[in-house]
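Below you'll find the structure, written out as structure tokens, and then a few comments.
Worth knowing before you read on, the calculation uses all heavy atoms, side chains too, and leaves out hydrogens, waters and symmetry mates. Keep in mind it's a predicted model, so treat the numbers as computed, not measured.
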Amino acid sequence: MRKRGFIPDEVTVLSVLQACSYSGLFEVGIHLFRNMESKFKIKPAIEHYSCMVDLLGRSGSSSKAMEFIKESAFSESPLLWRTLINTSNQQGDVNISTLASKYLLDLVPDDAGSYILVSNMYTRGGMFSDAAKVRTLMNNRRMKKDAGCSWVEIENKVHRFFASGKDHQESMEIYKKLDELSCLMKEKSHPDIAYLQTWDI
């Protein structure tokens with residue numbers, strides 16, 4: 001993009017950070033985050049911080065991710081703590097995910113989704129009695145999680161989509177196009193991402 005004269009924006013940087021996180025290019029991602037404001041005049045938003053928490057967690061540094069949250073301007077954001085719970089749980093870091101869950105439930109004591117996340121975290125870690133306590137607490141408080149959905153606005157009309165949903169009137173065409181894009185991405189995917197290490201970002 002830069003070679004062709006395009007200036008990266010907030011979404012561009014976020015996309016590259018996510019790519020670095022998923023592909024294991026942790027040092028590249030950290031370098032980009034540290035320099036995005038001075039190099040591209042982009043002030044990191046909460047989404048960039050969340051991506052960095054995920055990146056640090058995936059790199060095996062869940063404790064650094066926790067310190068990163070505490071020192072950030074978004075230390076009281078449930079998003080960052082949810083991200084830390086997910087990534088530390090994936091890495092098998094029960095101590096950090098347990099600590100993060102306590103921070104999360106203190107921040108949003110009435111959010112059903114957070115309780116389910118914590119309960120699932122305990123279940124994956126084999127802490128079944130703790131998971132049961134969280135579920136019981138939810139039931140006692142009569143908490144119920146709303147079904148998750150995504151939405152998109154096209155020509156002033158909002159379209160809502162539920163996971164694996166077929167309710168939308170154009171769902172057949174949408175799934176067909178998604179299949180086409182999936183095949184195209186598989187055809188175009190590059191087996192070797194090591195060359196990204198040399199990118200000047």
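Within the 4.5 Å cutoff, side-chain heavy atoms of R135 are placed close to those of I116. Side-chain contact between S97 and L84: absent, with no pair of heavy atoms (C-beta onward) separated by less than 4.5 Å. Side-chain contact between D9 and V13: absent, with no pair of heavy atoms (C-beta onward) separated by less than 4.5 Å. Counting heavy atoms from C-beta on, the side chains of E37 and I42 never come closer than 4.5 Å. Between D130 and V134 the shortest side-chain heavy-atom distance does not fall below 4.5 Å. A heavy-atom distance below 4.5 Å is found between the side chains of M127 and V94. Counting only heavy atoms from C-beta outward, the side chains of H48 and K43 never approach each other to under 4.5 Å. Contact of the L104 side chain with the L117 side chain is registered, since non-hydrogen atoms from C-beta on lie closer than 4.5 Å.
Nearest approach of I96 to S88, heavy atoms of both residues: CG2-CB, 3.9 Å. G29 approaches L17 most closely through the heavy-atom pair O-CD2, 3.3 Å. Of all heavy-atom pairs between D54 and T87, the closest is O-OG1, 3.5 Å. The two residues R58 and S21 have their closest heavy-atom pair at CD-OG, 3.1 Å.
Pairs passing the ring-ring contact (aromatic ring centres under 6.0 Å, His included) check and including a residue from residues 57-104, sequence neighbours excluded, read F33-F68, Y49-F68, Y49-F74, W81-Y103. Identified under the salt bridge (Lys or Arg N to Asp or Glu O under 4.0 Å) test for residues 75-97, with sequence neighbours left out: R82-D111.
For S50 (side chain) and I46 (main-chain N/O), no donor-acceptor pair under 3.5 Å exists by modelled atom type. Side-chain atoms of S182 never come within 3.5 Å of backbone atoms of L178 as a donor-acceptor pair (strictly under, hydrogens ignored). Under a 3.5 Å cut-off, the side chain of N35 and the backbone N or O of S38 do not form any donor-acceptor pair. Side chain of S101 to main chain of T98: a donor-acceptor pair is present (N/O by atom type, distance under 3.5 Å, no hydrogens or angles).
Distance check: T83 OG1 to E47 CD gives 10.5 Å after rounding to the nearest 0.5 Å. The OG atom of S119 lies 8.0 Å from the CE atom of M138; values are rounded to the nearest 0.5 Å. Interatomic distance, CD of Q90 versus CE of M121, reported as 13.0 Å (0.5 Å rounding). Here CG of N86 is found 7.0 Å from CZ of R124. Values are rounded to the nearest 0.5 Å. Note that CG of L55 and OG of S61 are 9.0 Å apart. Values are rounded to the nearest 0.5 Å. A distance of 11.0 Å separates OG of S62 from CG of L99, quoted to the nearest 0.5 Å.
By the rule that hydrophobic residues join a cluster once side-chain heavy atoms approach within less than 4.5 Å of another member, L14 and V53 end up as members of separate clusters.
Residues passing the side chain to side chain donor-acceptor pair (under 3.5 Å) test with E173: none are found, sequence neighbours excluded. Under the side chain to side chain donor-acceptor pair (under 3.5 Å) criterion, K177 pairs with E180, sequence neighbours left out. Residues satisfying the side chain to side chain donor-acceptor pair (under 3.5 Å) test with S77, not counting sequence neighbours, are none. Scored by the ring-ring contact (aromatic ring centres under 6.0 Å, His included) test, Y115 finds no partners at all (sequence neighbours excluded).
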Between L56 and I30, does a side chain to side chain contact (heavy atoms under 4.5 Å, CB included) hold up when you go through it step by step?
CA-CA 9 Å; L56 290 168; I30 291 168; 4.1 Å; yes

